[in-house]
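In what follows, a structure is listed as structure tokens, so that the remarks can point back to it.
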Amino acid sequence: MMRTFRGGLLIGLAVAVLVAVLAIIYEFYDTRTLKRTVRRGEVLCGVNKGLPGFSYSEDNKNWAGFDVDFCRAVAAAIFNDPGKAKFIPLDASERFKELQSRKVDILSRNSTWSMARELDYDLYFPAVAYYDGAGFMLPRSRNKETSLDLTGSKVCVQAGTTTALNVADYFRANNMKYDEVKFDKLDEVVKAYDTGKCDTFSADVSQLYALRLNLAKPADHMILPDMISKEPLAPVVRQRDDDWMMIVKWTLYAMINAEELGVTSENIDEALKSKKPEVMRLVGTEGNYGEQLGLTKDWAVRIIRHVGNYGEMYERNIGEKSKLKIPRGMNQLWNAGGVQYAPPMR
């Protein structure tokens, strides 16, 4: 009898241990980010530690910027509350690994979509939020007009970014010589340039506009007009997590479609009364697109009401209504001379 009891106890303990191990494995490998996010009650967003116009905060609490607003849009779609987005600042060198390890649910952090990044890190870039390109900033006193005038320059770049490779490719392709000055952290690059340790600063053009504001004398520096690379900046999620990827992708596409249809945060209530088929599908009065995403019918209404359409997000953070005043350029809608284009909701 005692042997039977002990044997049963051992079997019970073994089963309990096995269940605990399986639970840990499931929690680690579970790819259903939407389910985990809803259970947690917030979206964990990896953002830049400090890039004016895109993601910045004076106290790590009151975050603002283009990338920050996109995370708030995702939170609004899920929770009807943009305040459910929690921001976790990440360096360029750690951003992809932290996403892999589930420290964050999404990267919304001026990250270039490239083939190597998808393959090497097992990640996915759902859609392009901002079309950019690498460029150069330099003192106006250097009196240069194009990037082809930069031979012999001492160029500051940040390690762990696509910029270093872009600069090397550009100078080599044009038979130009330069000296590379590389730093691990962005603030180190900015300080080195501002103190004259290099005479040229290379990064994505959007980043250069933002970082120029942090220089001792911003007006003394110019950004050359030409771009030397394609830098499609996109939010990033983990692969094999299709439900989550679809929500992130269609959050952006809903904002772009809303701008194209003229639906804004100010007229969203009127849009709910619209009889135009495209508007009705966007706001959820026709079709079941929200439910198919695992959300509610008014998921896009939540986004637009709380955050706005793509144009509103652009203008207040980095466009004409901001300190940066970056021209829309390629980021204009396709029917206004740009390349921003969202698949139709039908």
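Nothing here was measured: the structure is a model prediction, and the numbers come from that model.
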### Query
Got Arg281 and Glu278 here, is their nearest side-chain heavy-atom distance under 4.5 Å?
yes
### Message
Counting C-beta onward and ignoring hydrogens, is there a side-chain heavy-atom pair between Thr112 and Leu233 closer than 4.5 Å?
### Response
yes
### Task
Write down the atom of Ser147, the atom of Asp226, and the distance for their closest heavy-atom approach.
OG-OD2, 2.8 Å
Tell me yes or no: between the side chains of [X] and [Y], is some donor less than 3.5 Å from an acceptor?
| X | Y | result |
| --- | --- | --- |
| Thr200 | Arg142 | yes |
| Ser229 | Glu231 | yes |
| Ser265 | Arg305 | no |

Counting neighbours of [atom1] on [X] that are heavy atoms of other residues, nucleotides or ligands and sit closer than 6.0 Å, is the number greater than 12?
| X | atom1 | value |
| --- | --- | --- |
| Lys144 | NZ | yes |
| Glu145 | CD | no |
| Glu286 | CD | yes |
| Lys97 | NZ | no |

With rounding to the nearest 0.5 angstrom, report the [atom1] to [atom2] distance, [X] to [Y].
| X | Y | atom1 | atom2 | answer |
| --- | --- | --- | --- | --- |
| Glu180 | Ser202 | CD | OG | 10.0 Å |
| Asp298 | Asn80 | CG | CG | 6.5 Å |
| Leu99 | Ile106 | CG | CD1 | 9.0 Å |
| Leu213 | His221 | CG | NE2 | 12.0 Å |

### Task
Check the pair Asp81, His306 against side-chain hydrogen bond (donor to acceptor under 3.5 Å, both in side chains), reporting the backbone distance first and the verdict last.
CA-CA 8 Å; Asp81 183 356; His306 290 298; over 6 Å; no
May I ask you to say whether [X] pairs ionically with [Y], meaning some side-chain N is under 4.0 Å from a carboxylate O?
| X | Y | answer |
| --- | --- | --- |
| Glu42 | Arg40 | no |
| Lys185 | Glu188 | no |
| Asp194 | Lys191 | no |

Assign the ring pair [X] / [Y] to parallel, tilted or perpendicular, where the plane angle (0 to 90°) is split at 30° and 60°.
| X | Y | answer |
| --- | --- | --- |
| Tyr314 | Tyr130 | parallel |
| Tyr170 | Phe136 | tilted |
| Phe66 | Tyr310 | perpendicular |

### Task
With side-chain contact (heavy atoms from CB on, under 4.5 Å) as the test, would you mind laying out the steps for Lys230 and Tyr131 before giving the verdict?
CA-CA 8 Å; Lys230 295 186 295 183; Tyr131 289 93; over 6 Å; no
